[in-house]
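Following: one structure in structure tokens, then a few remarks.
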Amino acid sequence: MFCLLLLSALLISSSRPVVPPAGLPVDLPQRLKAALEGTGFAGVVLVGRSDSLVWQQGYGDADRQRHVRNGPATAFDVGSLTKQFTAAAILALEQDGRLTVQDSLGMYFPSAPADKRGITLHQLLTHTAGLREYLGRDERWLSQPDFLRQTLRSKLVFAPGSAYQYSNVGYSLLAVVIERVSSLPYERYLHQRLFQPAGLTATGYRLTTWPDSTVAVGYVRERRWGKPMTKGWAPDGPSWNLRGNGGMLSTAQDMWRWHQALAGGRILAPATQAKLYQPYVAKKPGGAISYGYGWSVYESKRGTRVVSHGGSNDIFFVHYVRYLDPRDGGTVLFVATNQSPDVARKVSQVLMGVLFPD
């Protein structure tokens, strides 16, 4: 069993106890906590159901050298969870009448070559545009003009719309579209249109000011890797190898607020938001997991709809799961770790086994 194979870890409690919502076992937080005892996990976990927090807990150190502990307010690199913000921003622009997801790249990049001019925003959102996965390492500086030049000149992997291949390049291209349509820098638009209305106070690249002690340090086993913003970021954010597709910092508390804002329809109208969770394309031919807009979509063993996404730069790992069917009680699970190798998904599986024993 996973829990028995890893070394034990010190843990810290959240600042105040959380009372489970009505209808749940009063000892559910204790059951969740017990499931992770002895796992060696360093990071943070959060479980919510309906409008209530069930449990939030920090484990291990955010900074081993300074003896700063992980907790629900610790900021982690959430990696590709950034894509759900980019997707929501595109849909917000569509809802506001400023674009449609069927718009083609030729509308925004008139000099695009013929093989890319017809690629639609929908294809970028669903990883079906035929673009390569990445242009270079996250830390390698790439300006927006250089990013566009390399992307538009690159050879397509397949004809647009004919297959699925995960593409960070496609989501960075969507970030450029957001800038051109909104006339605002990518992060500024997200901050104004998404984060502020959702009540997110610790999510972003550079616009949020985090006290140094709240940002987790990444570790590769025993080696200190450092903090994300020290890895080649400019004053306005990371390289365009990363911008729009990954690298944002956020906290468990903010990811809970983001869930509540989406579930409550405060950011996108229900019909617009439903587009995020449509299973547009199977991630593997005949597979059970599909991709929506910035979310993986699948059915639980109970036949209920689940959306999730992972994020990683091979140092930080996160896993975010939301149960959309009312029969699942609006359950949400967020797990983040600042240690390599990845245990976030395994921790998620352990906790989901407690939440849904069937």
* Apply side chain to side chain contact (heavy atoms under 4.5 Å, CB included) to the pair Arg305 and Val297, showing each step before the final yes or no. => CA-CA 7 Å; Arg305 178 166 292 189; Val297 185; 4.1 Å; yes

Distance only, no hydrogens: is a donor on one side chain within 3.5 Å (strictly under) of an acceptor on the other, for [X] and [Y]?
{"X": "Arg322", "Y": "Tyr277", "value": "yes"}
{"X": "Thr128", "Y": "Thr126", "value": "yes"}
{"X": "His309", "Y": "Ser296", "value": "no"}
{"X": "Lys83", "Y": "Asn168", "value": "yes"}
{"X": "Ser154", "Y": "Arg132", "value": "no"}
{"X": "Gln56", "Y": "Trp256", "value": "no"}
{"X": "Gln95", "Y": "Thr272", "value": "yes"}

Do the non-hydrogen side-chain atoms of [X] and [Y] ever get within less than 4.5 Å of each other?
{"X": "Ser348", "Y": "Leu333", "value": "yes"}
{"X": "Val350", "Y": "Lys346", "value": "no"}
{"X": "Thr208", "Y": "Leu200", "value": "no"}
{"X": "Val44", "Y": "Tyr59", "value": "no"}
{"X": "Leu173", "Y": "Leu131", "value": "yes"}
{"X": "Phe334", "Y": "Val321", "value": "no"}
{"X": "Arg188", "Y": "Leu207", "value": "yes"}
{"X": "Leu135", "Y": "Leu142", "value": "yes"}

Could you tell me whether [X] and [Y] have a side-chain N and a carboxylate O separated by less than 4.0 Å?
{"X": "Arg243", "Y": "Glu187", "answer": "no"}
{"X": "Lys275", "Y": "Glu94", "answer": "yes"}
{"X": "Lys227", "Y": "Asp77", "answer": "no"}

Between the main-chain N or O of [Y] and the side-chain N or O of [X], is there a donor-acceptor pair closer than 3.5 Å?
{"X": "Arg193", "Y": "Ile267", "answer": "yes"}
{"X": "Lys116", "Y": "Leu152", "answer": "yes"}
{"X": "Asn241", "Y": "Arg137", "answer": "yes"}
{"X": "Ser250", "Y": "Asp254", "answer": "no"}
{"X": "Asp63", "Y": "Arg66", "answer": "yes"}

* To do: Kindly determine whether Tyr323 and Val307 satisfy side chain to side chain contact (heavy atoms under 4.5 Å, CB included), including the steps that lead there.
  => CA-CA 7 Å; Tyr323 292 79; Val307 295; over 6 Å; no

Output the distance between atom [atom1] ([X]) and atom [atom2] ([Y]), rounded to the nearest 0.5 Å.
{"X": "Ile90", "Y": "Ile178", "atom1": "CD1", "atom2": "CD1", "result": "4.0 Å"}
{"X": "His319", "Y": "Arg345", "atom1": "NE2", "atom2": "CZ", "result": "4.5 Å"}
{"X": "Ser143", "Y": "Trp240", "atom1": "OG", "atom2": "CH2", "result": "10.0 Å"}
{"X": "Thr74", "Y": "Leu249", "atom1": "OG1", "atom2": "CG", "result": "12.0 Å"}
{"X": "Thr337", "Y": "Tyr219", "atom1": "OG1", "atom2": "OH", "result": "11.5 Å"}
{"X": "Lys231", "Y": "Leu242", "atom1": "NZ", "atom2": "CG", "result": "13.5 Å"}

* What about the rings of His122 and Tyr293, do their centers lie closer together than 6.0 Å? -> yes

* Just jot down the salt bridge (charged side-chain N to carboxylate O under 4.0 Å, His left out) partners of Asp325, sequence neighbours excluded, or say none. => Arg327

* Structure fact -> Which of Tyr171, Phe158, Tyr280 passes ring pair (Phe, Tyr, Trp, His ring centres under 6.0 Å) with His127? Answer is Tyr171

Using the rule that two of Ile, Leu, Val, Met, Phe, Trp, Tyr join whenever any of their side-chain heavy atoms come within less than 4.5 Å, decide whether [X] and [Y] are in one cluster.
{"X": "Leu124", "Y": "Tyr134", "answer": "no"}
{"X": "Met255", "Y": "Leu324", "answer": "yes"}
{"X": "Leu174", "Y": "Leu184", "answer": "yes"}
{"X": "Tyr164", "Y": "Leu156", "answer": "yes"}
{"X": "Trp295", "Y": "Phe317", "answer": "no"}

* Before giving the answer on salt bridge (charged side-chain N to carboxylate O under 4.0 Å, His left out), spell out for Asp61 and Arg69 the whole-Å C-alpha distance, their side-chain angles and the decisive distance to 0.1 Å. => CA-CA 4 Å; Asp61 287 333; Arg69 310 292 284 166; 2.6 Å; yes

* salt bridge (charged side-chain N to carboxylate O under 4.0 Å, His left out) between Arg64 and Glu222: does it pass, once the steps are laid out? -> CA-CA 10 Å; Arg64 298 175 188 174; Glu222 299 304 317; 3.6 Å; yes

* Arg49/Asp328 under salt bridge (charged side-chain N to carboxylate O under 4.0 Å, His left out): CA gap, chis, key distance, verdict -> CA-CA 9 Å; Arg49 185 167 282 182; Asp328 290 332; over 6 Å; no

* Asked: What's the verdict on side chain to side chain donor-acceptor pair (under 3.5 Å) for Tyr166 and Ser80, showing C-alpha distance, side-chain angles and the deciding distance?
  -> CA-CA 11 Å; Tyr166 194 83; Ser80 285; 3.0 Å; yes

* To do: Check the pair Leu46, Val335 against side chain to side chain contact (heavy atoms under 4.5 Å, CB included), reporting the backbone distance first and the verdict last.
  => CA-CA 7 Å; Leu46 181 146; Val335 179; over 6 Å; no

* Any ring pair (Phe, Tyr, Trp, His ring centres under 6.0 Å) pairs touching residues 181-205, not counting sequence neighbours? -> Phe85-Phe195, Tyr205-Trp233

Kindly list each side-chain donor-acceptor pair under 3.5 angstrom involving residues 101-110, sequence neighbours excluded, with atom names and distances?
| from | atom 1 | to | atom 2 | distance (Å) |
| --- | --- | --- | --- | --- |
| Asp103 | OD1 | Thr100 | OG1 | 2.9 |
| Asp103 | OD2 | Thr100 | N | 3.0 |
| Asp103 | OD2 | Tyr108 | OH | 2.5 |

